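Below is one structure, written out as structure tokens; the observations come after it.
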Amino acid sequence: MTSFHFGGLLFYDLSDMNRCWRIAMTRQALYLLDRFNHSILHFLNSTTVSLSHTRLAHAYILKTGLSNDNHLTTKLLSLYANNFCFLDANLILNSIPNPNLFCFSTLIHAFSKLNNFGHSLRVFSQMLTHGILPDSYLFPSVVKACAGLPSLKAGRQLHGIISVSGFSSDAFVQASLLHMYLKCGHLREAHKLFDGLSQRDMVIWSALIAGYSRFGCVDEAKVLFYEMRNAGLEPNTVSWNGMITGFNHSGLYSEATSMFQKMHLEGFQPDSATISSVLSAIGDLKDFDMGIQVHSYVVKQGLGPDKCIVSALIDMYGKCSCTLEMSEVFNESDQMDVGACNALVTGLSRNGLVDNSMEAFRRFKGQELELNIVSWTSIIACCSQNGKDMDALELFREMQLEGLKPNSITIPCLLPACGNIAALMHGKAAHCFSIRIGISNDVYVGSALIDMYAKCGRIELSQLCFDKMPNRNLVSWNAIMKGYAMHGKAKETMEMFHEMQRSGQKPDLISFTCVLSACSQKGLTDEGWFYFNSMSQEHGIEARLEHYACMVTLLGRAGKLEEAYSMIKRMPFKPDACVWGALLSSCRVHNNVGLGEIAAEHLFKLEPRNPGNYILLSNIYASKSMWNEVDRVRDMMNSMGLRKNPGCSWIEVKNKVHMLLAGDKLHSQRKQIIEKLNKLSVEMKKSGYFPNHNFVLQDVDVQDKDEILCGHSEKLAIAFGLLNTPSGYPLRVIKNLRICGDCHVVIKFISSFEGREISVRDTNRFHHFKDGVCSCEDFW
DNA sequence: ATAGGGTTAG
């Protein structure tokens, strides 16, 4: 046992001394320090210095004027930084008259440890302005920060500095640069750098191989792998793992599993990282049989208790929809392991067992178990993917109260929830978070922000986020195109579609869905046909059902109903409910009874329990005053026990999302809302407006119809918004069904009468109302 | 006194 003297006392170990510190309290400790100030550095160097000790020592150093001692202050700086007290660390850094390389390095490393790469780079540039040059230890760290963001621009600048400062032959520096180029998606520059190296070690080879695998370049990765072996380097497990995880990452799951089999045949010993990766691939392939084989291999190898493997097994069975096997693995595991618990929460949610997932999470939270950021992210993702958007927001708040900080995965999991219910303020708060924690340049965060702002009606902010992204992928391009399409901006969607291709990004199935649906919002049939035909002819992508559905909508909305119907008859697949639904809703727009009945007949067979189809057909009949047929459809619905989905709208007022139901009789402000709507109705009638009774399904008398229209949830939400926000304040409403024609007219009137900008998002698209005009130009 | 590159749950 080591022992040492401090303050005239003999201590056996540091915890003993820590105890003494706690007992001694500040005065006693300061007294001891005073007498033996030469020992303070020794004490601060010990491994178990807590934050309170750091503060105590800091106080002492300030009091005694020792703060001029650069060694001491740098040590303090590092202690603060490693306790993630960046405010204190910065204060100290700024108080040092001539900070040196050590001071900056400490802070940069600490920021990088937390993945706060933006902050790392800021401190780095601060260091450069002090005229201090990095050493061979600092360069790899800063390059890694560029890769982590990722920022190709900063990475290239750094590469320049490295070249002129003569560090480019350092193996660590080289590997970090190579990794940076790969992370930024610049395979060619990475390979050029690789070619220029005189010495290549295992790490460099592995990095490049993993890079190629990650980008789905199977052949290049394999060639490199064999070249590496020809060069006399044996792959030690990391190279194999790099390939397997790389293939996984680019969605080449069968390549990943066959690589694992090869590795096994060649006699290499897989480690827990290998098994975890291959199990993840097996899960994505839903290859239950192979899963069982690897499971038994794991047991044979005695790797069963490995924590990573347990959660990978749970994950694999979850992906294979084998919830029974999944629970078995969990029940046999050490149930106090967070990894296993997280995998279970995700597995349950993935299989639609949302309530079980929530219940499991709550149970784990009640135990001694320390839930981590992955646990919270999993449950937040579960909620935002399953329509529990309010719960997702609430859990995010609860997580922060527990002292956990969101990261670059949490934010993109939360943002869809904000978008779904148009909680703009919550979305903006999440955006601020991402800037503060330095992840706003992350491509997943960026794409999720684009989507969130678009769904919240702020497409100009989507464009701003898009412009600011240092790196974009297919998802980012699709997100901005989907945003413009949703806002009915066909021109912008098409421009983006072409700009994407100019940038070298190839479109996929979703890109075409976006551009086709944009065309359908504006009735651009020629353009629609052009893109539809170019799919297979120019891009080698075969149109799927959803593209046919888009074309049916496009033709149908534009009034070319017969053309739409003949397209359905010609299509190479059996038309599904989406395709017939597109035809039926177009028939509703143009009130075409004949084709509407045909479409409805197919839909009643395909999805007999969807009330929406019956409502549409009945609307078509009602528009032609065919009340007997309306009754017949209503009787069909009644006999099957089906009811119209209740209309529901949301509006964010004072940072809170409010939900209003059609004909809501319980709302606390119901009286004021109805009064407001009645007043507006009087004004509207004065200006020559009459309610459009076509949009009322029932054959009731005129006054009742007026009342039913007044009860539409989007009108209630707008009245609620008018009552609870200052005049001139824009209103944003979302609705769970399509906006009704009468509401459309009324909202146009309100926008001019009240002088408000009003946007309404329905299931299909956005309507922006201003000065009595709607952005859809009444084509929808 | 600070500290380095490749693989690693959501």
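Lettering follows sequence order; numbering is per chain, from 1. It should be emphasised that the depicted structure is a prediction, and the values quoted were computed from it without experimental measurement.
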Q: For residues A:Leu158 and A:Phe124, determine if any side-chain heavy atom of one lies less than 4.5 Å from a side-chain heavy atom of the other.
A: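 Heavy-atom side-chain distance check passes, below 4.5 Å.
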Q: Considering non-hydrogen atoms only, spot the tightest contact between A:Cys103 and A:Leu93 and give its length.
A: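 Nearest heavy atoms, A:Cys103 then A:Leu93: CB-CD1, 3.8 Å.
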Q | Reported NZ-to-OG distance for the pair A:Lys144 and A:Ser176, which is rounded to 0.5 angstrom | A |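 Spacing of NZ (A:Lys144) from OG (A:Ser176) equals 10.0 Å.
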Q: Could you tell me the separation between the NZ atom of A:Lys307 and the OG atom of A:Ser276, rounded to the nearest 0.5 Å?
A: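 Rounded to the nearest 0.5 Å, the NZ-OG separation comes out at 14.0 Å.
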How would you label the contact of [X] with the nucleic acid (heavy atoms, under 4.0 Å): base, sugar-phosphate, or nothing?
| X | answer |
| --- | --- |
| A:Ser136 | base |
| A:Arg214 | sugar-phosphate |
| A:Asp271 | nothing |
| A:Ser378 | sugar-phosphate |
| A:Ile373 | base |
| A:Ala343 | nothing |

Q | A:Glu255/A:Arg214 ion pair, N-O < 4.0 Å | A |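 Looking at A:Arg214 together with A:Glu255, the answer is no, because their closest N to O distance does not fall below 4.0 Å.
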Q) On DNA chain B, which is the earliest and which the latest nucleotide, 5' to 3', with an atom closer than 4.0 Å to a heavy atom of chain A? A)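 Contact boundaries, 5' end first: B:dA1 to B:dG10.
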Q.
Under the rule for side-chain hydrogen bond (donor to acceptor under 3.5 Å, both in side chains), what residues qualify as partners of A:Ser375, not counting sequence neighbours?
A.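 Only A:Asn342, A:Asn372 meet the side-chain hydrogen bond (donor to acceptor under 3.5 Å, both in side chains) criterion with A:Ser375.
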